[in-house]
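Excluded from the calculations below are hydrogen atoms, water molecules and symmetry mates; all remaining heavy atoms, backbone and side chain alike, are included.
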Amino acid sequence: MPAITVENPLTLPRVAEPTAETPARPVLGVTTAPGGFEGEGFPVRRAFAGIHYRHLDPFIMMDQMGEVEYAAGEPKGTPWHPHRGFETVTYLLDGTFIHQDSEGGGGVINDGDTQWMTAGSGLLHIEAPPEEMVVKGGLFHGIQLWVNLPAKDKMSTPRYQDIGGGNVKLLTSPDGGAVIRLIAGDLDGHNGPGATHTPITLVHATLTPGAEITLPWRQDFNALAYVLAGRGTVGTDRRPLELGQTAVFGAGGSLTVRADEKQDGHIPNLEVILLGGRPIREPMAHYGPFVMNSHAELQQAFEDFQAGRLGRIPAERTVSER
């Protein structure tokens, strides 16, 4: 971890530090993700647990999947399940996942890849490790982020974006102390490959021990930082942040993250997800795999699912055969 990097960050385009007049975003609070299990039993950390939705909008939830070293026969996925009304963003740092849906779509996500699925009006899908990984075991680590859709887009036609790791925009800090992977949105005039219905910025940054980044951040966006590995501080007052913790930033035009001088022996750097978006500010009704604007729309989604209107599980093709 991570899969996509460079030997010499100084060869990359640099993100300019904001001017002294740019207001720094304060840290409003830090939460620790509780552990749990998803699908058929793979371990996750619930990154946004305990954070009020007003600080998350347009994001709904984010799970850190792993990091786990599976023994032979242990890798697990999810069973067939429906979605409607939002987008799922699956970003893998280590391992392989195979996706299949009821519309005949699907693909393989490898180290460093991102799959952006707009569920829109709805479909059924399944995610599972490949047969080789089930037989041999191996390292698995990634995140899945849920992004809300505005009411006007909730019933849009489902679509996919398969963003190969080599297509992510790689940037660095002025001193080369960080590798910044811009997956979606814009950062200091640079654009990530992910196309979004709601304006957001999604970044995976690796900071070497003692390195600090201060990034410009759109003032109409919220801002969150989640630590995938390592430890450091956030904000100009250097609030401690470590593995499994999320920092919520307040208003301002820049955010600061710093890696501690000493990291754990097997974790050489600070790995952090930085994300923010323009709040949708619409009523949200969320239950299970559906995210709508009202309870009546949720009820309709369940009725449509039960009636088979979100698709049917293919009778002949399974994930293991792809």
Salt bridge flag under 4.0 Å for residues [X] and [Y]:
X      : Y      : result
Asp63  : Arg46  : yes
Glu17  : Arg14  : no
Asp264 : Arg231 : yes

Over all atoms of both residues, closest heavy-atom pair of [X] and [Y]:
X      : Y      : result
Ser173 : Ile180 : N-CD1, 4.2 Å
Val227 : Gln64  : O-OE1, 4.2 Å
Trp80  : Leu124 : CZ3-O, 3.8 Å

query: Regarding Thr256 and Arg238, is there a side-chain donor-to-acceptor distance under 3.5 Å anywhere?
result: no
- prompt: If you measure only the distance, is there a donor-acceptor pair under 3.5 Å linking the side chains of Asn269 and Thr208?
  reply: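 No, Thr208 and Asn269 have no side-chain donor paired with an acceptor closer than 3.5 Å.
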Between the main-chain N or O of [Y] and the side-chain N or O of [X], is there a donor-acceptor pair closer than 3.5 Å?
X      : Y      : value
Glu297 : Asn293 : yes
Arg25  : Gly252 : yes
Asp113 : Gly164 : no
Lys76  : Glu74  : yes
Thr96  : Asn110 : no
His141 : Leu92  : no
Asp304 : Leu310 : no
Trp217 : Asn222 : yes

message: In this structure, would Ile273 and Ile183 fall into the same cluster of hydrophobic residues linked by side-chain contacts under 4.5 Å?
response: yes
field: Sole residue of Glu87, His286, His197, Lys154 in side chain to side chain donor-acceptor pair (under 3.5 Å) with Asn148
entry: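 Answer to the side chain to side chain donor-acceptor pair (under 3.5 Å) test with Asn148 among Glu87, His286, His197, Lys154: Lys154.
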message: Taking the ring centre of each residue, are His99 and Tyr160 less than 6.0 Å apart?
response: yes
query: Does His295 NE2 have over 12 foreign heavy atoms under 6.0 Å away?
result: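 Incorrect, the count does not exceed 12.
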